[in-house]
Amino acid sequence: MSSGTDALLALRQAIKSKTPITYTNDAGPTDSFSSATHLVLSPTSALPKSTPTRLRKPGATASDPQSNSQDFFSLGAVYLAWLLRDAPGAEYMKQVRENGYTVGFVSVTERKAVADWLEDKTQSLSGLVSIEAESTTPPGTPPQLRTTASLPSVSSAKGADTTSSPLKRRYVADHADIEVVKKIKANEIELQDRITVLRGIKPNNLNSVKVAFAEKLKKLKEAANPKHSSSIWSSAPSTPDPKLQARKPRNQYPIIMISSSPTSLITMYNVRRFLQDAVFEPSQEARARAAAEGNARAEDVIPIYRKRTTIDPSGRETETQTRYFVVDSAEALAKFGPDAWDRVVCVMTTGQTWQFRPYKWQEPKTLFHHVKGIYFSWTNDPPNPKIKDWNVTELKIDPHRRHVDKSVVAHFWRTLDQWTSANKPSLMQG
C-alpha cells in the first residue's frame, strides 16, 4: 500500500466491501490479533496496527497524525472498536486489555459512533480530522494518466517542461479558497458530549473554593456543638447565609457498584428485580428473558426506586420513594462526573481482587473503609477466606426458597442505611 493511502479510509472501504480482514507478522499470516503486526485490508494492501489514523482522541487538539501520533487512535484500536462493536462493555474492556491496549483504545461510549461511521451508516464522526485536498477516488484505484495536450494553456503560460511526468505535479490550492476555509473553520463549533464537557481541558483545582469556605464551615461546626454555643451566639449571624443555601447539591443520588464478573450472583440483568421488587432471579434466566424482550445488551446505568416508610414522633406514617443508581464498571461511573466516587455508598464484590483495579481505591481494605462492602453468596456455600479481613457484610441467598428473598433485601437496605447515615449522611434521602 502506498504511503499516501489513508489508513482510516482503507479500513472503511474494506468493511464496506466486506473484504475479509486478516492478520500477519514477520513470520507470516497469523490468526491472533495480539501477535499480529499488520492488518491485511485487501490482497494488495497491508498496514501496521500502530499506524496513526485521523481519528483524534477526546481532549486533544492536534491536527497532524504523523507529527502528533500520541493524540490520535491507532489503526489497531479503531479496528478493535469495530470488531467488538456488539460485545458488552465489560467484555470489550477485557478483550482490549488482552490485546495489548491498556491505553489509547476507543472508549465504550465512543465505540458505537466509530463502528457506525466505518459501516457507512453515518457520514460524520466527532474528532475526525479532514484530509487536506481529500480525493474522492476510492482507495486502490489506479491513477489516471493525463497527456500534456490536455493542458495546453498551463504549459504555454508557465513554460512548463514537457518532458516531466504529469503524475508528479502537485495540486495547488487557490488562495481565495484557503481564506474562505479559514473563515468557515473559525466559526465552527465542535460538538461534545456530557463526558467531554465535564472533563474540561485542564485538571480542576478547587483549593481556592475550599479556602474561601473553610471559615464558614468552621463556624457551622462550632454552632452545632453545644460546648461552643455560648461563644458562637455573639459572632454567628442570626440568619443562614443565602449563598450557602443556594449552593445545595442537586440530584446527589447515591450509587451502588456491582461486579461485572459473569459468575456474580447479582448482575445488571437481575439487580433491578432483586433490589426493587425483592425477588431473586438467576442471572442466566434474567438475561434470556431480556433477550426475548429484545434487550440483548444490559444497560450500563440502572436506576433503582425504593419505597421507604417513616414514622414521625406523632405516630404518622409517611411513605417516600428514594432513588439509587447501579453501575458495574468505572467507565459507567465516570458518566456521573469527576466527584462520582463521593456518591458511591456500596460495592458488591465476588471476592475477586481484579474487580478493584480500575477503582479509585484498588486495595480492598482501603476501598471498604470509604464504601460499604457487600458479599452475596448461596446459603450452602462455605465461608470465603478472601473476604475475612475486608470489612464486608456477607448476605446469603437461598437457591430455591424465593419467599425469603424479602428478608435478605430488607437486611441489605437496613445495613446500607446504617452505614450511609454514619459515613455519608448527605446522601440519605427522605
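Looking at heavy atoms from C-beta onward, V181 lies in side-chain contact with K185 at the 4.5 angstrom threshold. No side-chain heavy atom of R297 sits under 4.5 Å from any side-chain heavy atom of P88. Residues P282 and Q284 fail the side-chain proximity criterion, which asks for heavy atoms closer than 4.5 Å. Side-chain contact check for L125 versus L55: some heavy-atom pair is nearer than 4.5 Å. A heavy-atom distance below 4.5 Å is found between the side chains of V327 and I255. Considering only heavy atoms from C-beta on, W117 comes within 4.5 Å of L128 through its side chain. Here the side chains of K307 and E319 are in contact, with some heavy-atom distance below 4.5 Å. When side chains are defined from C-beta on, R289 does not count as touching E285, because their heavy atoms never get closer than 4.5 Å.
A donor-acceptor contact shorter than 3.5 Å links the side chain of D398 to the backbone of H400. R287 contributes no side-chain N or O that, together with a main-chain N or O of A298, makes up a donor-acceptor pair within less than 3.5 Å. Checking side-chain atoms of S69 against main-chain N and O of P65 turns up no donor-acceptor pair under 3.5 Å. D339 contributes no side-chain N or O that, together with a main-chain N or O of D342, makes up a donor-acceptor pair within less than 3.5 Å. Listed for the H369 side chain is no donor-acceptor partner under 3.5 Å among the backbone atoms of K365. In terms of modelled atom types and a separation under 3.5 Å, the side chain of R402 and the main chain of P399 share a donor-acceptor contact. At distances below 3.5 Å, not a single donor-acceptor pair connects side-chain atoms of N270 with backbone N or O atoms of I266. D116 places no side-chain N or O within 3.5 Å of a backbone atom of T122 that could act as its donor or acceptor partner. In this structure, S407 contributes its side chain and V404 its backbone to a donor-acceptor pair below 3.5 Å. Remark: the backbone N or O of D71 is not paired with any side-chain donor or acceptor of N68 at under 3.5 angstrom.
Taking the six-membered ring where the residue is Trp, the centroids of Y359 and W341 are separated by under 6.0 Å. F356 has its ring centre less than 6.0 Å from the ring centre of W390. Between F280 and W378, a ring centre-to-centre spacing shorter than 6.0 Å is recorded. The aromatic ring centres of F105 and Y92 sit 6.0 Å or more apart. W413 and Y324 have their aromatic ring centers within a separation under 6.0 angstrom.
A salt bridge links K396 to E394: at least one charged side-chain nitrogen sits closer than 4.0 Å to a carboxylate oxygen. A salt bridge does not link K183 with E179: none of the charged nitrogens is closer than 4.0 Å to a carboxylate oxygen. Using a 4.0 Å cut-off between charged side-chain N and carboxylate O, R414 and D417 make no salt bridge. A salt bridge links D120 with R12; the closest basic N to acidic carboxylate O contact falls under 4.0 Å.
Interatomic distance, E98 CD to L80 CG, rounded to the nearest 0.5 Å: 11.0 Å. To the nearest 0.5 angstrom, T353 atom OG1 is 9.5 Å from E363 atom CD. To the nearest 0.5 Å, atom CZ of residue F73 and atom CZ of residue R54 are 14.5 Å apart. Taken to the nearest 0.5 Å, the CG atom of L11 stands 7.5 Å off from the CG atom of L39. Between the CG atom of L47 and the OG atom of S74 there is a distance of 11.5 Å, given to the nearest 0.5 Å. Atom OG1 in T24 sits 11.5 Å away from atom NZ in K49 (nearest 0.5 Å).
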(message) Using the rule given for side chain to side chain contact (heavy atoms under 4.5 Å, CB included), can you reason through D64 versus V129, listing the C-alpha separation, both sets of side-chain angles and the distance that settles it, and then say yes or no?
(response) CA-CA 8 Å; D64 186 4; V129 177; over 6 Å; no

(request) Let me see the working for R306 and R308 under side chain to side chain contact (heavy atoms under 4.5 Å, CB included), right down to the final yes or no. (result) CA-CA 6 Å; R306 170 195 175 199; R308 296 180 57 192; 3.7 Å; yes

(request) Could you check F274 against F412 for ring pair (Phe, Tyr, Trp, His ring centres under 6.0 Å), going step by step and ending with a plain yes or no? (result) CA-CA 11 Å; F274 183 63; F412 166 80; 7.7 Å; no

(request) Quick one: do M93 and E331 satisfy side chain to side chain contact (heavy atoms under 4.5 Å, CB included)? Show the steps, please. (result) CA-CA 10 Å; M93 297 301 300; E331 291 78 17; 3.3 Å; yes

(message) Assess the residue pair I397 and T379 against the criterion (side chain to side chain contact (heavy atoms under 4.5 Å, CB included)); give the C-alpha distance rounded to whole Å, side-chain angles, the decisive distance to 0.1 Å, and a yes or no.
(response) CA-CA 6 Å; I397 299 177; T379 53; 5.9 Å; no

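I304 and R272 get closest at one heavy-atom pair: CD1-CA, 3.4 Å. Nearest approach of S261 to W354, heavy atoms of both residues: CB-CZ2, 3.7 Å. Across all non-hydrogen atoms, the minimal contact from T51 to A7 is CG2-CB, 3.9 Å. Closest approach of L41 to A10, counting heavy atoms only: CD1-CB, 3.7 Å. Closest approach of L333 to M257, counting heavy atoms only: CD2-SD, 3.8 Å. Considering every non-hydrogen atom in both V371 and V344, the closest pair reads CG1-O, 3.5 Å.
Heavy atoms from other residues, nucleotides or ligands lying under 6.0 Å from NZ of K94 number 12 at most. The environment of N380 atom CG is dense: over 12 non-hydrogen atoms of other residues, nucleotides or ligands sit within 6.0 angstrom. Counting non-hydrogen atoms of neighbouring residues, nucleotides and ligands closer than 6.0 angstrom, the NZ atom of K16 exceeds 12 such neighbours. Sparse packing is recorded around CG of D26, with 12 or fewer heavy atoms of other residues, nucleotides or ligands lying under 6.0 Å away.
With 3.5 Å as the limit, one finds a donor-acceptor pair spanning the side chains of S107 and T109. Between T349 and Q355, the side chains place a donor N or O and an acceptor N or O closer than 3.5 Å (distance only, hydrogens not considered). Donor-acceptor pairing under 3.5 Å is recorded for the side chains of E119 and W82. Donor-acceptor pairing under 3.5 Å is lacking for the side chains of T267 and S264.
Taking the ring-ring contact (aromatic ring centres under 6.0 Å, His included) definition, one finds that F33 meets it with Y23, Y79, sequence neighbours left out.
Cation-pi geometry between R343 and Y253 is not met: the NZ or CZ atom fails to fall both under 6.0 Å from the ring centre and inside 45° of the normal.
For the side-chain hydrogen bond (donor to acceptor under 3.5 Å, both in side chains) criterion with K372, the lone passing option out of N391, T393, T420, N423 is T393.
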